[in-house]
Number of protein chains: 2
Amino acid sequence: MAMTTDAERRGWTQNPEAVKEDILTVALSEFAARGFSGARVDTIASRTQTSKRMIYYYFGDKLGLYTRALEAAYLEVREGEASLDLDHLPPQEALARLVAFTFDHHRANPDFIRMVMIENIHNAENLAVSQVIRDLNVAAIDKLADICRRGQEAGVFRAALDPVALHWQISAASFFNVSNRPTFSAIFGSELFEEPAQEVIRQQTVEAILAIACKA
Amino acid sequence: MAMTTDAERRGWTQNPEAVKEDILTVALSEFAARGFSGARVDTIASRTQTSKRMIYYYFGDKLGLYTRALEAAYLEVREGEASLDLDHLPPQEALARLVAFTFDHHRANPDFIRMVMIENIHNAENLAVSQVIRDLNVAAIDKLADICRRGQEAGVFRAALDPVALHWQISAASFFNVSNRPTFSAIFGSELFEEPAQEVIRQQTVEAILAIACKA
DNA sequence: GGTAAAATGTACTAACTGGACCATTTGGCA
DNA sequence: TGCCAAATGGTCCAGTTAGTACATTTTACC
């Protein structure tokens, strides 16, 4: 009610949620860029609107912060997937759309990919204990399982088709395309990751998956 | 020529090559396990027959050791590939064999896979400057390029087939199968990585690649 | 307006870690 | 056999980094 602005006041405005959000965003980008050991808590703090003190206040320690950043990455990506509605399409077309979407979605979320790479380097030890992530992922395969079921009922998909194995195939292409881009580019050049070639690869991937799913 | 054994002597026996080899082997396993920042020079030294002093004597610094370990990983893997001879097989079968071999070979070399993962996390900065690795990899695709050419000449492969893009597809499946095993297992269980399921996935991968390569 | 708990700022530290220093021994060779 | 460069051992150090102690301010509530 005084006419002093925030800047003029000696003190500050409390905003716990925004502070947590701020820290998490910065931490995610830093961990994704440098890995767990490579990331520096001081660097994260300096890129924040707040201080290192608050990181430890809200997240306990470096590992706690990392775990929450990992969960945040999964949450964001799974949110983006939720908008995809394939129920109205015939199974083959639904599958083709799902593959193409997954391919593009992974490309659009490189930080998520990098966090998963880092988790794999660490043998998924932190992912394994996160109930949040486990719940998210069990749901992630539902769409695909539904498509498989419909395709089998319609007689167009193989009877022995396993949704988890198919998910493995779709993930392999979509994930590798982002995760191994640096080494692949360094060896074979970057043309394969520019737009025209990416469309070819995406189409190849769709065809490959359909070849696995459909009856001969 | 005295009858004193090595153990009884105050001194030691010089063996530069063995010392370098010893350090490299330990370093490769340590870097593969913990990444560049995660690896500790002291830990590497302690697992060696020699001392930290020798690491700096022969490799300069931590990055120098890492680079040499990376090169050693590539050398070992490419050596294993050299034994594969497919020239006597018709193109389709040669391709099928190459895919199956690559799939198995990646599984058999998890430390190599992890080193490549780590390089990708670091944006392939160290791989990019290694002439040793570049030379190795240009040769790595020769076998596949030859199969492609033969298949196209025989009229069984698509005319637009690009060996690099096909190599991408083969690598995606073979690499992902090892690199993402920890997170994939943590979420969906480990059955997919046990022998029966691995054979299914390998066969699926062969079929998928053939579907991409062959005329409709 | 008073009080206590939550939230924030500042400065510090103990331990770790990559790397360097100095001394000593080995082995090839004149 | 003596000499010198290569190889090795043992110890120490300076910079970094995760984490903490202590003080202060804000806010909710009565």
Side-chain angles (χ1 to χ4, degrees), chain A residues 1-2 4-28 30-31 33-70 118 122 126, chain B residues 1-27 30-31 33-70 118 122 126:
Chain A
M1 51 194 73
T4 55
T5 67
D6 287 354
E8 289 167 335
R9 293 196 294 167
R10 260 173 321 192
W12 63 83
T13 325
Q14 287 189 1
N15 197 347
E17 290 311 311
V19 166
K20 279 189 250 184
E21 181 85 12
D22 184 16
I23 293 173
L24 262 186
T25 303
V26 175
L28 174 55
E30 184 71 6
F31 281 125
R34 306 185 194 276
F36 179 74
S37 317
R40 299 287 163 244
V41 177
D42 284 288
T43 303
I44 293 172
S46 73
R47 294 193 186 163
T48 292
Q49 301 283 84
T50 178
S51 66
K52 184 161 69 158
R53 174 71 182 75
M54 300 313 291
I55 292 177
Y56 287 95
Y57 185 66
Y58 283 122
F59 300 95
D61 58 9
K62 189 181 182 180
L63 187 58
L65 179 59
Y66 170 84
T67 304
R68 294 286 301 278
L70 181 66
I118 292 161
H122 295 225
N126 307 291
Chain B
M1 53 195 62
M3 51 173 48
T4 52
T5 66
D6 286 356
E8 288 167 336
R9 294 197 293 166
R10 258 172 322 187
W12 63 84
T13 326
Q14 287 188 3
N15 199 346
E17 290 311 311
V19 166
K20 280 190 250 186
E21 181 85 14
D22 183 16
I23 293 173
L24 261 185
T25 303
V26 174
E30 184 70 5
F31 281 125
R34 306 186 195 275
F36 179 73
S37 319
R40 299 287 161 243
V41 177
D42 285 289
T43 304
I44 293 172
S46 74
R47 294 191 187 166
T48 291
Q49 301 283 87
T50 177
S51 66
K52 184 161 70 156
R53 175 70 183 77
M54 298 314 290
I55 292 177
Y56 287 95
Y57 185 67
Y58 283 122
F59 300 95
D61 57 9
K62 188 182 181 181
L63 187 59
L65 179 59
Y66 170 84
T67 304
R68 294 287 301 277
L70 181 65
I118 290 161
H122 295 278
N126 307 291

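Within every chain, numbering begins at 1; the chains are lettered A, B, ... in the order of the sequence lines, protein sequences first and strands thereafter.
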*CD of A:E30 versus C1' of D:dT17: gap in Å, rounded?*
13 Å
*asked:* Let's test your reading of the model: under 3.5 Å, does the base of C:dG19 pair with the side chain of B:K52 as donor and acceptor?
replied: yes
_Shortest non-hydrogen contact from A:L28 toward A:A69_ = CD1-O, 3.7 Å
*asked:* Is there a side-chain contact between A:R40 and the phosphate of D:dA18, meaning an N or O under 4.0 Å from OP1 or OP2?
replied: yes
*Check every atom of C:dG9, D:dA6, C:dG19 against the side chain of B:D61 and return the nucleotide holding the closest atom.*
C:dG19
*Got a second to check how far A:D22's CG is from A:T48's OG1, nearest 0.5 Å?*
5.0 Å
*Write down the distance between CD (A:Q49) and P (C:dG9), rounded to a whole number of angstrom.*
10 Å
_Base, sugar-phosphate or nothing for A:A39? Non-hydrogen atoms, less than 4.0 Å._
sugar-phosphate
*Once you round it to whole Å, what is the distance between P of C:dT10 and CE of A:M54?*
13 Å
*asked:* Looking only at the side chain of A:Y58 (C-beta and beyond, no hydrogens), which of the listed nucleotides D:dG19, C:dA7, D:dT8 gets closest?
replied: C:dA7
_Whole angstrom value for the distance that separates C1' of C:dA7 from CD1 of A:I55_ = 15 Å
*Could you state the CG-P distance from B:L65 to C:dG19, rounded to the nearest angstrom?*
10 Å
*Is B:R53 side chain donor-acceptor paired with the D:dT8 base, going by distance under 3.5 Å alone?*
yes
*B:S51 side-chain N/O to D:dG9 phosphate OP1/OP2 under 4.0 Å*: yes
*Might you point out which heavy atoms bring B:F59 and B:K20 nearest each other, and give the distance in Å?*
CZ-O, 4.0 Å
*asked:* Does D:dT8 have OP1 or OP2 under 4.0 Å away from a side-chain N or O of B:T50?
replied: no
*Where do B:I118 and B:F31 come nearest, in terms of heavy atoms and distance?*
CD1-O, 3.1 Å
_Per A:Y56 side chain, nearest of listed nucleotides D:dT8, C:dG18, D:dG19_ = D:dG19
*asked:* Just verifying a value: how many Å separate B:T43 OG1 and B:K52 NZ, rounded to the nearest 0.5 Å?
replied: 10.0 Å
*Would you kindly give the CG-to-C1' distance between B:D42 and D:dC12, to the nearest whole Å?*
13 Å
_Length of the CD1-P vector between B:I44 and C:dT17, whole Å_ = 12 Å
